[in-house]
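Only one structure is covered here, and it is reproduced in the block below.
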Amino acid sequence: MSEVAVKAPVSEKPLVKNEHLKIAIPTLAGNIAATLADDSLACFSGDDEQFLKFHGIYQQDDRDLRKAGKLYIWMIRGRIPGGVLSAKQWIAMDDLATNRANNTLRVTTRQSIQFHGVVKDRLGPLMKEINQAMVDTLAACGDVNRNVMASPAPAITSARQQVYEDSKKVSEALLPTTKAYHAIWIDGVQLNIDDPENKDFVDPLYGRQYLPRKFKIAFVIPPVNDMDVFTNCLGFVAVIENDKLVGYNLTAGGGMGRSHGNTTTYPRLADVIGFFPREKLVDVAKAVLTVHRDFGDRTDRKRARLKYVLEEKGAAWFRAEVEQRIGSKLDETKPFKFITTSDTYGWQKGLDGRWFLTLFVESGRIKDTETRRQKTALRRVAERFGNVEFRLSANQNILLANVTDAEKEAITALLHEHGVKTEKQASLLHAAAMSCPSMPTCGLGLAESERFLPTLIDRIEAVCADVGISDQEIIIRMTGCPNGCARPYMAEIGFVGKGPGRYQVWLGGNQNGTRLNKVWKDLLKETETEAELRPLLVRFKAERLAGERFGDWVDRVYWKEQPPVAVAAN
Ligand code: SF4
C-alpha cells in the first residue's frame, strides 16, 4: 500500500478525553499491571478502564447487587478470527468458564466467546491461560479493528477455507503492535510508561491515537449473508468463480450503534464500493481502516464511526480515497445476491464429505440447566473427538465441523444423553432470535435483554398461535440499549431498551440483511406487547402475499400507510 500522509480534518471542536488518553500513553499500558497486583484496590481507574478495552476487557459491576454496593466484575472477550476453535481450545475455554468465570460461555454476535463475572484475582490467571490456549484477547474491544468475522458453514463452496484463511490474515495485519499486552498479561509486569521507547511509541498502522472508535470487519460468501455484512464498517463479499476465490466486492460504512434522543446518530447499511482481486486484500483492509483513522470524528465519540464519514462524504469520494491508498483502481462490483442471514440448524454434509452440525444456543449462552446440559455436552464432544472443530456463528450459535460418518452418530447420541437436541432444536421464533447480554453485567443496559427475551418470545408465540401464523418465522432481536450489539435494527421486530420494562420497537427488517427497519413505537411497556402487536399480526395473516414474511409485509403495506415514528431529539 502506498504511504499516505495523515489528513486529519481540522476541527474547531476539542478532542474527546479518550483521544488525550491514547496520546498520553500510546502503548495502552495505563497503570493496569500495578492495579492488578495491588489487592487493596477493588477496581481499575476510569482511565485504565478505557485502556483495558484494547486488551479485550470490560470493567463492570453486578447490577443486581448494586443496592448493597458495587461488586466489580470483568468481562473478557476473545479474538477468534472467523470464530474457529480446535477441540483442545474448546476444552481450555470451558475450563476458563468453569474455573475463572461464571460457569457459562457467551457466544457473541461477532463470533467470539465472552467470559462474564470474572472477579479481580481471577483476571490475571484467566488472561494468561487464554493465551496459553493460543487464543488472545488483544483488540477484541477498543478503538481498533475488532474480531474479524467469516462465514463458518462449510457446505456451499470449498473456497470457504480460503475465505477463512483471509479473515485470519486480515486480523493479523490489523493488530496493534504495542508490547503492553504481552508485558501485562504474559510477563505480569507494568510497562514503564516514562521510558522513552514507550512514551514515544507510535504504532505503524494506528499512529499514536489509534482509531476514533471501533472498527468491524466481516467476510461473507453469497448467497448466505450469515455475517450481516452490511452492518460492518468493512465487508468483504467473496466472489467465487468455478469454486475458486478470485476476489472480493468491497462494502464500507455500515454500523448499528446510535443513541436515544440524538437524531444525528443512526444505524446505517454499508455502501457497495467495488471489486478487487484477492491479492489486494490486506492493502484494501488497511486503506479502509486508515480512511477511518484519518477522517473519523475525534471530537464526538457518538459520531466517530466510519459510517458517518461515508454518509457525509459519499461513496464516490470514499472509493477515490481507497484507490489512492492502494495505488490502483477498484473494478466494478461483480453481481451478487443474498438470500438469508440465518443459520441452518441440524446436520449437513460439506463438499469435503465431512459432516457439520449447527446447534441452537439460546441467546448465545452456553450453560447447563437441569434438563439441557449443553456446556457439559460440548466439552464431552471436545474430549472424545479431537478433530472436531468448534465454530461460532454470528447468530450466536455453534457449529461442530469436520465430523466423519462414524463420529456423527456418536456425537448425536452424546448430545441427546445431555438433553441437547439435534433436530427440531427450538421453535421457529426462538431459533431466529438474538439478544445482547445487558443486565446484570453490561453497564450500558437500560432494560433487560438476554434474561427477558425468551419469555417475551413465548408470549409472542402464543399470540401468533392464536392468530393462526404459528408456521411463520419472524426474526426478533432485543438489546438493552441503542448500541445495538444484537443488530436489532435489521430484525423484523427489534426491541431496543429505553428503561426498565420499556422498549423502543422497530419493524420491517428482512431475512437477507439488506434493509433497515423503522421505528414503530418510541416507547412500549413490555406488558403491552401482545395488545399492540396482535392487530398487526392479524393484518399480516389476512394481507400477506404467498410466501411473504412479516418484515416484508410491514415494508410493503404498513410503512406505505403509516410514517415511522419520529424519534424525539433531546
Ligand atoms: Fe450492553 Fe447495549 Fe450492547 Fe446490550 S446493546 S450488550 S446493553 S452495550
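We count ligands from 1, going down the list as the structure has it; atoms in each ligand are counted the same way. Values below: every heavy atom of this structure, side chains too, minus hydrogens, waters and symmetry copies. Model, not experiment: these values are computed from the prediction. The chain is numbered in sequence order, starting from 1.
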Rounded to the nearest 0.5 Å, how far apart are CD of Glu129 and CE of Met93?
10.0 Å

Within the protein, residues bringing a heavy atom under 4.0 Å of ligand 1, chain by chain:
Cys436, Pro437, Ser438, Cys442, Leu444, Gly445, Thr479, Gly480, Cys481, Asn483, Gly484, Cys485

For Thr529, check side-chain contact (heavy atoms from CB on, under 4.5 Å) against everything at least two apart and list the hits.
Leu456, Arg459, Ile460, Phe495, Leu524, Glu526, Leu533

Sort and list the pairs that fulfil salt bridge (charged side-chain N to carboxylate O under 4.0 Å, His left out) and have at least one residue in residues 44-60, not counting sequence neighbours.
Lys17-Asp47

Is there any salt bridge (charged side-chain N to carboxylate O under 4.0 Å, His left out) pair reaching into residues 18-33, and which pairs are they, with sequence neighbours excluded?
Glu19-Lys22, Glu19-Arg298, Lys22-Asp143

Are the aromatic ring centres of Tyr308 and Phe295 under 6.0 angstrom apart?
no

Is it true that Asp64 and Arg451 have a side-chain N and a carboxylate O under 4.0 angstrom from each other?
yes

